[in-house]
Amino acid sequence: MSRLDSFINRMVAQRACLNFIAAQVHGPTLTEPVLELGLGNGRTYDHLRELFPNAPIFVFDRAMRANPKSAPPEDMMILGDVRDTLPAIRPRLGAGARLVHSDIGDGSRDTTEPLIRALEQALPPLLADGAYIVADQKMSVPNWHALPLPEGIAEGRYYIWQYRA
Ligand SMILES: C[S@@+](CC[C@H](N)C(=O)[O-])C[C@H]1O[C@@H](n2cnc3c(N)ncnc32)[C@H](O)[C@@H]1O
């Protein structure tokens with residue numbers, strides 16, 4: 001498969017999974033926190049704020065490099081390595097985040113693997129019971145239950161779990 005096809009498949013999977021969760025939680029009515037790990041260009045952040053217009057969306061990245069049209073409000077943009085910044089956000093989350101979208105892989109196994117292992121530790125204390133985790137990388141966490149992917153999305157292309165305490 002060409003890199004172009006692979007990229008397109010990833011974008012399609014990403015959008016389908018986020019839309020699927022928005023349908024599960026009645027997106028426009030959601031007022032609980034959403035976490036976006038990996039702002040990048042801001043494309044998925046822009047989609048999240050369309051799907052969840054009433055939810056506080058906390059956005060994490062090492063640096064702000066997004067298209068200015070997709071820049072989060074300053075107080076919702078948390079800059080730094082997520083391994084340092086995620087634990088510090090807990091007091092701002094109330095009963096916990098309802099959705100985490102993690103799109104933080106950089107294409108290198110050597111750097112992504114340790115980061116994902118760190119997220120498996122850092123994310124659970126931030127979640128509300130019933131929270132959804134949507135991710136580009138496979139994670140393995142007790143009490144995170146894998147959900148079937150939306151129709152047409154190949155296994156392993158993207159991941160969805162629901163946390164049940
Ligand atoms: C694939 S891009 C995200 C793309 C984004 N979802 C979009 O739609 O434009 C991954 C982002 O994760 C960020 N990132 C990678 N490792 C990180 C870390 N340890 N802490 C914070 N941000 C990180 C990178 O800086 C990069 O902007």
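Atoms within a ligand are numbered from 1 in the order they appear, just like the ligands themselves.
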Ranked by distance from atom 16 (N) of ligand 1, the top protein heavy atom is Arg62 NH1, 3.3 Å

for atom 27 (O) of ligand 1, nearest protein heavy atom and its distance come out as Asp61 OD2, 2.7 Å

Taking only non-hydrogen atoms of Leu115 and a 4.0 Å limit, the atoms of ligand 1 in range are 16 (N), 19 (N)

Per-atom filter on ligand 1: closer than 4.0 angstrom to a heavy atom of Leu39 are 5 (C), 7 (C), 9 (O)

Atoms of ligand 1 under 4.0 Å from any heavy atom of Arg83, numbered from 1 in the order shown, are 19 (N)

Atoms of ligand 1 under 4.0 Å from any heavy atom of Gly80, numbered from 1 in the order shown, are 20 (N), 21 (C)

Within 4.0 Å of some non-hydrogen atom of Arg65, the atoms of ligand 1 are 25 (O)

To the nearest 0.5 Å, atom OH of Tyr163 lies from atom CG of Leu126 at 11.0 Å

Out of Asn67, Thr44, Ile104, the nearest non-hydrogen contact to atom 14 (N) of ligand 1 is supplied by Ile104

Could you tell me if any non-hydrogen atom of Gln14 lies under 4.0 Å from any atom of ligand 1?
no

among protein heavy atoms, the one nearest atom 20 (N) of ligand 1 is Val82 N, 3.0 Å

Sorted by chain and residue number, the salt bridge (Lys or Arg N to Asp or Glu O under 4.0 Å) partners of Arg62 (sequence neighbours excluded) come out as Asp81

The closest protein heavy-atom partner of atom 3 (C) of ligand 1 is Asp103 O, 3.3 Å

_Tell me whether His47 reaches ligand 1 (any heavy atom closer than 4.0 angstrom to a ligand atom)._
no

